[in-house]
Structures are given as structure tokens and as C-alpha cells.
Amino acid sequence: MNLTILTPDRTLAKKIAVSSVGLTGDEGAIEILPGHMNMIGTIEPGIFSYQSAGSEKGASGFISTGFFEVFNDEVYVVGEVLELREEID
């Protein structure tokens, strides 16, 4: 599946191939895997992560409020603020 991550300040990822995406929705922790049903939801402040497809690489960090959409194995994440682990002071 492909992941796109947007904030008002920047595009962190654009259609990168991933095998999983983890975030905190309004109903708790969500892990999105390939073949996930289509859905739209809100994001609550918390840990955000993804695993790159076909490798052990990935990224994690903190995301504030926002929303996400899963549609036909395309995942879109839009957050007010998203800081990757290596960017956090």
C-alpha cells in the first residue's frame, strides 16, 4: 500500500510503499495493513509510525491532531504537526 503524509508546512512522504501504518485515532490505537477496509477518521495526539514495504526500515514520531483516509490501499495522513523521532529535541 502507499502512504502520503502532509502537514501545513511540508510533505513528509508522497506515495511511499509501506507494509503498515500505526497512529492514534479517536477510538484508540489503529494499525493499518494492506487490504484494510476503506475509512476516514480523526487523529488524536500520539505516536505515529510506518514500516517500509519489503524492509525493516520505517519511521516514527509524534503527530498532533488531524485526519486520515484509507482508500483502495492508499493511506493519506494529514496532521497539524508531525515531528519525526530524529527531529524531536
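None of the values given here were measured: they were computed from a predicted structure.
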>> Could you measure the distance from the OG atom of Ser19 to the CD atom of Gln51? Nearest 0.5 Å is fine.
In response: 5.0 Å
> Looking at OG1 of Thr42 and CD1 of Ile40, how far apart are the two atoms once the value is rounded to the nearest 0.5 Å?
Replying inline: 11.0 Å
> Under a 4.5 Å side-chain heavy-atom rule over Ile, Leu, Val, Met, Phe, Trp and Tyr, are Leu3 and Val78 clustered together?
Replying inline: no
>> Show the nearest heavy-atom pair for residues Pro8 and Gly79, with the distance to one decimal.
In response: CD-O, 3.3 Å
>> Is there a side-chain contact between Ser60 and Phe48 in this structure, where contact means two heavy atoms from C-beta onward sitting under 4.5 Å apart?
In response: no
> Is any side-chain heavy atom of Met39 closer than 4.5 Å to a side-chain heavy atom of Phe71?
Replying inline: no
>> When you compare the side chain of Leu12 with that of Leu82, does any pair of heavy atoms fall below 4.5 Å?
In response: yes
> If Ile, Leu, Val, Met, Phe, Trp and Tyr residues are connected whenever their side-chain heavy atoms lie under 4.5 Å apart, and connections chain through other members, are Tyr76 and Ile63 in the same group?
Replying inline: no
>> To check you understand the geometry: which heavy-atom pair defines the closest contact between Glu44 and Gly25, and what is its length?
In response: CG-O, 3.5 Å
>> Test your reading of the model: is there a side-chain donor-acceptor pair from Thr7 to the backbone of Glu80, 3.5 Å cut-off?
In response: no
> Between Phe67 and Ile30, is there a shared hydrophobic cluster once you connect ILVMFWY residues whose side-chain heavy atoms come closer than 4.5 Å?
Replying inline: no
> Does a side-chain heavy-atom distance below 4.5 Å link Lys15 with Glu74?
Replying inline: yes
>> Quick check: do Val21 and Ser49 have side-chain heavy atoms less than 4.5 Å from each other?
In response: no
> With the 4.5 Å side-chain cut-off for hydrophobic clustering, are Leu6 and Phe62 part of the same group?
Replying inline: no
> Are Leu33 and Ile47 grouped together when hydrophobic residues (ILVMFWY) are joined by side-chain heavy atoms under 4.5 angstrom apart?
Replying inline: no
> Is the shortest heavy-atom distance from the side chain of Asn38 to the side chain of Asn72 under 4.5 Å?
Replying inline: yes
> How close do Ala59 and Leu84 get, heavy atom to heavy atom, and via which atoms?
Replying inline: CB-CD2, 4.3 Å
> Ile32 and Met1: which non-hydrogen atoms are nearest, and at how many Å?
Replying inline: O-CE, 3.1 Å
>> When you compare the side chain of Val77 with that of Leu23, does any pair of heavy atoms fall below 4.5 Å?
In response: yes
> After noting the C-alpha distance and the side-chain angles of Glu87 and Arg10, does the key distance pass the salt bridge (charged side-chain N to carboxylate O under 4.0 Å, His left out) rule?
Replying inline: CA-CA 14 Å; Glu87 299 172 339; Arg10 60 186 174 159; 2.7 Å; yes
> Are there more than 12 heavy atoms of other residues, nucleotides or ligands under 6.0 Å from atom CD of Glu27?
Replying inline: no
>> A side-chain contact here means heavy atoms from C-beta on lying under 4.5 Å apart; do Thr4 and Val75 qualify?
In response: no
